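Model, not experiment: these values are computed from the prediction. Letters A, B, ... are given to chains in the order of the sequence lines, protein chains preceding strands, and every chain is numbered from 1.
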Number of protein chains: 2
Amino acid sequence: MSQRMNTEARREQMARAALDLLAERGSEGFNIADLAESVGLVPSAVYRHFEGREDVLDAALDVFRDRVYRLVDAARNEAENPLMALELLLTRHAKLIESGGAVPYIMASMNAPGGHAARRSKTERIFRGYVSRVEAVVRDGQVSGQVRSDVDPATAALLFAGLIQPAIQLRHAEGERFDISAHVARVWDLFRRAVGHD
Amino acid sequence: MSQRMNTEARREQMARAALDLLAERGSEGFNIADLAESVGLVPSAVYRHFEGREDVLDAALDVFRDRVYRLVDAARNEAENPLMALELLLTRHAKLIESGGAVPYIMASMNAPGGHAARRSKTERIFRGYVSRVEAVVRDGQVSGQVRSDVDPATAALLFAGLIQPAIQLRHAEGERFDISAHVARVWDLFRRAVGHD
DNA sequence: TCCTCATGTGAATCTATATTCACATCATAA
DNA sequence: TTATGATGTGAATATAGATTCACATGAGGA
């Protein structure tokens, strides 16, 4: 028999493992058997801790949301000023993508139609939460004078999200051949010119 | 019995229908039974014209690719100058998304991991083809002097793709509430400032 | 007109997964 | 030490969906 674990710890472990699997195969390729195996258990054991497949995906999304939001908040706290916060955030996204972390994939495929309605609306909320956090940083930038006041913060926040999204696709498709950090550095210059003072 | 049709016409019809279904439900939710019904046939009839599900998806991607590329080429031909070509292309993307056309969805979910390897590499090629067409327009812009020469065309092309991608997500999630044409107009100003002079 | 092939149909079949269930085993509290 | 509830296991079961197959039918050429 495998190592026993109380259900709270097991849920946590499985949610993280599920997120990793989602990163590799997407929700389409995700299945209970692989999840169970990845934590050294048998498929039926998953049902000791989750109501079913959707419940697992829901928990994985919670993990995802916490990680992403933490990433934004950390960048905001650590940087000296709002623009540097966005730059830091962008480079950290790139690093995560390079290391194959789960965050990037989900961010990119969040929009997949089909699938469970509740799951979709959850990913929608997560994305909006992300964007509104970035939007807040943009507003900070306007207060500090780094960002032009005629820039619409919501628009700039969506543009920021767009800096990384196509790069995620290419990275996923081309792997190492696509130097995402280098791309991000170049596109950051464009973004700064777009929102900053000349 | 349903209307008979020769296999070439039927394949074409089914490929288009498949693309519409993909737009609604994604590849995860796409199934042969619904496809058959949407053209007034019975599931097994699909196999008269396609080898199987993957073959259908492949054909749908061909339709998708042709439409997208045509969109870029048309914008390039119709506009007076490269920057206006990009603006026209962007607004047409927005229109397509508003009308619920299939193009936007696939563009957005193209990166979904999992799934058939051949299909993935096909979507990758399509995306790269799209980006390199946009890249060519950017180069034109540099030649004509509208785009700064220190801008990397590949980077700008990816940024351009990023203008529309997050908007697709929001549109998909929020529907009518998200005014994508208005957003696109605002983000275009940012893009022009990023790549243009002054 | 009659034949034959291409196309359409409905009923199987096959397969991958999720899910359930009866049973086993371990931790721990009394 | 023993009883009990929580966790893990392996063998069913259930189901959705793709795929196959034998048969039907209609259009067009001999």
### Query
Do NZ/NE/NH1/NH2 and the carboxylate oxygens of A/R186 and A/D179 come within less than 4.0 Å?
no

### Task
Output yes when at least one side-chain N/O atom of A/H49 is less than 4.0 Å from OP1 or OP2 of D/dG8, else no.
yes

### Task
Find which nucleotide of DNA chain D each of B/R4 and B/A33 is nearest to by heavy atoms, and output the residue with the more 5' nucleotide.
B/A33

### Euclidean distance, atom CD of residue B/E37 to atom C1' of C/dT9 [Å, nearest integer]
15 Å

### Summary
In whole angstroms, the gap separating C1' of C/dT15 from CG of B/N31 amounts to 16 Å

### Query
Between atom CE in B/M5 and atom P in C/dT9, what is the gap in whole Å?
12 Å

### Query
Taking CD from B/E28 and C1' from D/dA16, how many angstroms apart are they, rounded to a whole number?
13 Å

### Query
In whole angstrom, what separates A/R53's CZ from C/dT20's C1'?
18 Å

### Enclosure of B/E37 CD (heavy-atom neighbours >12, cutoff 6.0 Å)
no

### Task
Kindly say whether, by distance alone, the side chain of A/R48 makes a donor-acceptor pair under 3.5 Å with the base of D/dA6?
no

#### Entry: Modelled atom types, side-chain donor and acceptor of B/R10 and B/Q13, under 3.5 Å
yes

### Task
Just call it for A/F30: base, sugar-phosphate, or nothing, with non-hydrogen atoms closer than 4.0 Å on any strand.
sugar-phosphate

### Query
Hey, does A/E8 reach any base, or is it just sugar-phosphate, or nothing, if we go heavy atoms under 4.0 Å?
nothing

### Query
A/I32 has an atom CD1; how far is it from atom P of D/dT15, in whole Å?
18 Å

### Minimum-distance nucleotide to B/L41 side chain [options: C/dT20, C/dG8, C/dT7]
C/dG8

### Message
To the closest 0.5 Å, what do you measure between CD (B/E176) and CD (B/E98)?
### Response
8.0 Å

### Task
Round to the nearest Å and state the distance from A/Y47 atom OH to C/dA22 atom P.
17 Å

### Query
A/D34 has an atom CG; how far is it from atom P of C/dA16, in whole Å?
13 Å

### Query
Should the pair A/W188 and A/F160 be assigned to parallel (<30°), tilted (30 to 60°) or perpendicular (>60°) ring geometry?
perpendicular

### Query
OP1 or OP2 of C/dA6 less than 4.0 angstrom from a side-chain nitrogen or oxygen of B/R10, does that happen here?
no

### Message
Counting the atoms with a prime plus P, OP1 and OP2 as sugar-phosphate, which does B/S44 contact under 4.0 Å by heavy atoms, base, sugar-phosphate, or nothing?
### Response
base

